[in-house]
Amino acid sequence: MTADGVAVGAPRRHRRWVVVAVVVVLFLLISAFLSRWLGTENAEREAVLDVLQAQARGDANRMLRDVDCQDDACVTRVRANARELRAPGDVTIVRIDSATSHALTSKTGQTRVVWITPGRLTTVQCVLVERTGTPLSGQSVTLLDLSAPIGRQAACS
């Protein structure tokens with residue numbers, strides 16, 4: 001203590017609490033940023049799963065609500081997929097490889113998805129995905145196209 005009765009360690013303890021508070025706030029901000037960024041990965045997977053489930057039910061109208069087709073060829077392909085790829089049971093995504101994965105800004109690219117249903121062999125398709133926004137402003141996912149089935153070892157072009 002000093003002669004006027006003030007503890008010598010008080011300013012040091014006060015600075016320590018300020019530093020701790022700043023670190024906690026930074027941690028929370030970074031956590032929120034990462035949560036929004038990684039949540040977009042789930043949003044893409046869910047959007048793809050929704051359109052594949054509609055496809056397996058043979059529900060072309062639902063597929064066309066999920067896929068923002070830009071031309072008549074896309075609409076024709078979606079309707080053909082609904083007829084030809086109809087299958088009973090739940091859709092299970094076996095693998096998903098996204099060209100837009102972990103994008104911090106807007107990006108458009110192909111997502112290769114491998115899926116199965118009970119009683120159907122593996123089906124591989126490509127989905128054209130557009131991500132817009134940033135993790136700070138919020139990101140959204142739009143499906144722009146859905147291919148016919150491709151070869152099991154084929155890549156999306």
Side-chain angles (χ1 to χ4, degrees), residues 18-157:
V18 169
V19 170
V20 168
V22 168
V23 168
V24 167
V25 168
L26 283 174
F27 174 78
L28 292 174
L29 288 172
I30 291 169
S31 296
F33 175 83
L34 288 174
S35 175
R36 288 186 82 163
W37 178 53
L38 294 173
T40 307
E41 301 300 314
N42 291 337
E44 179 177 334
R45 184 180 179 88
E46 286 301 315
V48 170
L49 180 59
D50 287 347
V51 77
L52 293 178
Q53 287 173 332
Q55 180 175 257
R57 288 190 311 269
D59 189 348
N61 291 330
R62 173 58 195 241
M63 291 174 67
L64 289 169
R65 284 194 301 270
D66 291 344
V67 178
D68 186 19
C69 285
Q70 304 296 309
D71 57 24
D72 291 336
C74 173
V75 173
T76 301
R77 191 170 38 258
V78 165
R79 290 191 187 286
N81 285 349
R83 277 191 315 274
E84 296 165 13
L85 297 175
R86 186 178 185 133
D90 291 332
V91 170
T92 301
I93 292 179
V94 177
R95 182 176 175 132
I96 191 164
D97 299 308
S98 174
T100 61
S101 180
H102 307 303
L104 290 174
T105 59
S106 297
K107 187 173 182 182
T108 301
Q110 292 284 348
T111 294
R112 183 179 182 273
V113 60
V114 181
W115 60 277
I116 59 171
T117 59
R120 176 186 284 278
L121 293 176
T122 304
T123 303
V124 181
Q125 289 178 275
C126 299
V127 183
L128 183 61
V129 176
E130 177 185 50
R131 288 191 187 198
T132 55
T134 67
L136 292 176
S137 65
Q139 292 181 296
S140 65
V141 173
T142 304
L143 306 183
L144 299 175
D145 201 356
L146 177 66
S147 77
I150 62 173
R152 288 191 181 100
Q153 300 300 321
C156 295
S157 55

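Quick caveat: nothing in here was measured; it's all calculated off a predicted structure.
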Rounded to the nearest 0.5 Å, what separates atom [atom1] in [X] from atom [atom2] in [Y]?
X	Y	atom1	atom2	result
L52	M63	CG	CE	8.0 Å
D66	T142	CG	OG1	11.0 Å
E130	L144	CD	CG	5.0 Å
T108	L128	OG1	CG	6.5 Å

Among D50, V113, T117, which one satisfies side-chain contact (heavy atoms from CB on, under 4.5 Å) with V91?
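So the option named by the test is T117.
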From V67, L146, L64, residue fulfilling side-chain contact (heavy atoms from CB on, under 4.5 Å) relative to C74
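Among V67, L146, L64, the one meeting side-chain contact (heavy atoms from CB on, under 4.5 Å) with C74 is V67.
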Flag, side chain of [X] to backbone of [Y], donor-acceptor distance under 3.5 Å:
X	Y	answer
Q125	S147	yes
T111	S98	no
R57	P88	no
K107	V129	no
R112	A154	yes

Count the heavy atoms of every other residue, nucleotide or ligand shown that sit under 6.0 Å from CG of D71, and state whether that count exceeds 12.
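Counting other residues, nucleotides and ligands, CG of D71 exceeds 12 neighbours.
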Heavy-atom pair of closest approach, residues [X] and [Y]:
X	Y	result
A60	R79	CB-NH1, 4.0 Å
A43	V141	CB-CG2, 4.2 Å
R120	I116	O-CB, 4.3 Å

Pair V48, R45 - check side-chain contact (heavy atoms from CB on, under 4.5 Å), show working.
CA-CA 5 Å; V48 170; R45 184 180 179 88; 5.9 Å; no
Checking side-chain polar atoms at under 3.5 Å, does R152 have a donor or acceptor matched by the opposite partner on T122?
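No pair is found: no donor N or O on one side chain lies under 3.5 Å from an acceptor on the other.
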Would you sort out whether D145 and R77 count as a side-chain contact (heavy atoms from CB on, under 4.5 Å), showing the intermediate values?
CA-CA 9 Å; D145 201 356; R77 191 170 38 258; 2.8 Å; yes
Given the rule in the side chain to side chain donor-acceptor pair (under 3.5 Å) test, do S106 and T132 qualify, once you have shown the distances and angles that lead to the verdict?
CA-CA 4 Å; S106 297; T132 55; 5.3 Å; no
Side-chain heavy atoms of [X] within contact of [Y], under 4.5 Å:
X	Y	answer
C69	V78	yes
I96	V114	no
Q53	W115	no

Apply side-chain contact (heavy atoms from CB on, under 4.5 Å) to Q110 and V127, showing your working.
CA-CA 6 Å; Q110 292 284 348; V127 183; 5.7 Å; no
Begin with the C-alpha distance, continue with both residues' side-chain angles, and end with the deciding distance and a verdict on side-chain contact (heavy atoms from CB on, under 4.5 Å) for L143 and D68.
CA-CA 6 Å; L143 306 183; D68 186 19; over 6 Å; no
